[in-house]
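Read the structure below first, then the notes.
Predicted model only: the values in this text are computed from it and were never measured. Just so we're on the same page: letters track the sequence lines, and every chain starts at 1.
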Amino acid sequence: MIPISWYLYLGTGLFTIGVIGVLTRRNVIIILMSIELILNAVNINLVAFSQMFHNVDGQVFAIFVITDAAAEAAVGLGLIIALFRNKETVNADEIDLLKW
Amino acid sequence: MINTATQFLLSHPLIFATIKILIVFNVMSAVLMYIVYMERKVLAFMQARLGPMRVGPWGVLQALADPIKLMLKEDIVPSGADRTLFLLAPVISVAAAFTVFSAIPFTSSFIISDINIGILFILAVSSLGIYGIILGGWASNSHYPLLGALRSAAQLVSYEVAGGMAIVGVLLISNSLSLRDIVVKQQQMGVWNVFIQPVGFFVYLVAAIAETNRSPFDLPEAESELTAGFHTEYSGFRFSLFFMAEYTAMILVSCIAVTLFWGGWLRPFSSYHRFDFLDYTPIAVLLAAAVAIVLGARKNQVPMEKLVLFGIAAAFVLLAFGLAVPVVTAAIQGIFWFSAKVFVFLYAFIWYRGTFPRYRYDQLMNLGWRVMIPLGLANVIATAVLSYVLTSHTASAAASMIMTR
Amino acid sequence: MSGISLPQITFLALSAMALVSGVLVITRRNAIHSVICLIVTLFSVAGIFLLTHAEFLFAVQIILYVGGIMVLFLFVIMLVNLDVAAKQAQFSSHWLVAALTAGALTAELVYGIYLGRAEFKASQPVIFPAPAPVTNTQAIAVGLFQTYTLPVEIASLLLLVAMVGAVVMAKRKFE
C-alpha cells in the first residue's frame, strides 16, 4: 500500500519545479508549460486525497482542473501569437511597453 | 512435468498476456504485408490493369519483396534536421498504432486485456499517433513536410471530435465502456448497432477515413499536392515504419468499427437458431478459394508455381475437412466472422481510394467541423432522448411527463 | 521505507520519471524538447492516476492533456519562429531570488507534510447510498451529472469563452 504522504511529496516536488520554471524562465511558452506542471501537481494531490477518503469528488474536481488548464492554455497561446505578431519576441522581460 | 510447466506458464498473467501479444503482433504484421499487396491488386483491377504480376504467381510474393527493398535502402537523415526527433517520430507512430490492438476483442475469449475503459483507452492511444506526424514533419527541417504535418495534425484533431461523438451514441446503447461488453450487448439485443445507429456509423466511418489520412482525405500526404507531405524526407526503413503505421491504423479503425457497430465476432443472426447453417460458411469459403486457385493455376506456365498452387489448393480442401468437425467449427466462428467483416471494411477503404476524388483542405475542414460534428451531436441527443423514452418509461408516461411541465 | 511491494516500486519509478522530466522541461533550450519532456511528465502523472485506481482520469489526462493541449503547444511553437529565442539567454537575471523563494516554499510544504504524515491514512470506505455505482467511470458520472451539475455547466461556458477568445485574439486583423 502506498502511503498517501508519498503522493503529497511528489505533488510538492512537481509544484516546486513548476514555480521555479514560472519565476526564472524568460520564454513565455516555457512559462505556460511550467503552469501546466503546477496544475498537474494539484491534480496529483486531489487524486491522492480522493483515494484516502474513498470519495470520487477529488477526481471530479481534477477533471475540472484539466478543463480549466485546456481553456487557459488556449487563451494563453492565442495571446502569445498576437504578441509575437506585434513585437517579434517571446521573452517575458522584453514585453515591458507599459513603462516608458 | 511438462503439463505442470505449461499449467504454470498459462496461469501466470504476464506470460499468458505476452503470448497473446506475440500472436497478435505477428499475425497483424503478416496481415499488414498482404494488405499492401491487396491494395495494389484491387486498385489495379479497378483501373483496368493487372497490378503486380511478376514476383510469384499473380505477384503474391510482392508483399515480401517490398519490405526487403525498403530495408536495404540507404539511410538518409537530412542535414539540419533534429536527429533525435527525426529518429523518434516513426517509432511513435508505429508504437501508438500497434498498442491499440491490446484492447480489441478478436473473439469472445481472445482479448489481450479486457480493460473496463476500453473505448477511452483506444481513443487515447490512437490520438498519440498525431505526435509521430507532427514531430516527423518538424524534424525534417523543410517546409513541405512542415506544412503537410500541420495540416494533417489539424485534420486528425478535428475528426477525432466527430469520431468521439459517434462512439458516444454506441455507449448510450451499451451502457459500458468495455469493448467486450459492447459486443455482448449486441448479442443480447439480437441486432447489430449499425441498424440502431446508422447516422453514428456514417459519422464514424467518415471520421475513421480522415483519421487514417486515406482517400478522399489524404491531401496532407498526396504526392501531387505537397510532395508526400510529412514523410517526404523519410526513406528506407523509416519510411516503411510510417507506411506500416498508416496501414495498421487502417486495420485498427476497421476492427473498432466492426466491434462497435457490426457485431464484433458475432455471426449474422447469431441469436436465431434457424440460421445455424451459416456456421458452415468458413468451410464454404475455403472450398471456394481452393476451386478459384485451381481454376487460375491451370494457365500458369511455370511448372514449379503450378505445383505449389495445386498443393495450396489441396491444403485448403484438407483444412475444410478438418473444420467440418463440430468442435472446430464452433471454435472457429468468432475469429472467422471478425476477420471477414474487417476484410470487407478494408476492401471498402481501398474501394474509396479508387473511386473518390480528393477533398481540398478547406473543404475537408469544413466537412469536419460544420457537417460531421453537428451530425454527431444531433445523433447523441436523439439517441439519448430515444433511449430514455423507449426503455425506462412507456410512451404514455413520457407524454404525460412532458405535458405536466 | 523502501519499495517492498510492486505498487510502491511502480510509484517510485513513475515519480522519478515525472520529477526528472519536470526538471528537463524547465531547463531545455529548444522549446520542442521541452514539450516532449512535458509529455513524458504528463504520461507519468497519468500512470500515477492509474495506480490510485482513477482509471477514468487516466484516460481523460491522456486524451485531453497529451492528445489536445500539448498538440496545441506544438502548433504554436511551430508557427512562432523560436530560432532567435533559442540563442538568447534562457534564464532571467533574477533567478537567484526566485530559486530562494521556491526553496523556502518547498521547505515549508515538506515540513508540513512530514509533521502530519501519520494522519494521512486511508480511512474506512464510505458506504455509498444504494444503488451503488459499480465502476470508477459510473462513480465519476454520478459525481459530474448529479452532484456537480452546475460546475459542469460553468466549465462548458468557460470553454466556449476560451474558444471564442482564442480565435479572436489569434486572428489576423484584415486592415
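Using cut-offs of 30° and 60° for the angle between ring planes, the B:Tyr159 and B:Phe217 rings count as tilted.
For a residue to count as touching a neighbouring chain, one of its non-hydrogen atoms must lie under 4.5 Å from one of that chain's; by this rule B:Leu177 touches chain C with the side chain only. Using a 4.5 Å cut-off between heavy atoms, C:Leu64 makes no contact with chain B at all. With a 4.5 angstrom heavy-atom cutoff, B:Asp82 touches chain C only via side-chain atoms. For B:Ile117, the part lying under 4.5 angstrom from a heavy atom of chain C is the side chain only. In this structure, chain B has no heavy atom under 4.5 Å from any part of C:Asn136.
Within the 4.5 Å cutoff, the side chain of C:Tyr65 has no heavy atoms near those of the C:Ile39 side chain. Residues B:Ile104 and B:Phe101 are in side-chain contact: their nearest non-hydrogen atoms beyond the backbone lie under 4.5 Å apart.
Comparing B:Ile130, B:Leu128, B:Leu123, B:Val157 by how many heavy-atom pairs each has under 4.5 Å with chain C, the most go to B:Leu128. Your options are C:Leu79, C:Val66, C:Asn30, C:Val35, and the one with the most heavy-atom pairs under 4.5 Å with chain B is C:Val66.
B:Thr383 and B:Gln197 share a side-chain donor-acceptor pair at under 3.5 Å. Of the N and O atoms on the side chains of B:Ser174 and B:Asp181, not one donor lies less than 3.5 Å from an acceptor on the other residue.
Counting only distance, with no hydrogens or angles, the side chain of C:Gln138 and the backbone of C:Thr135 share a donor-acceptor pair below 3.5 Å.
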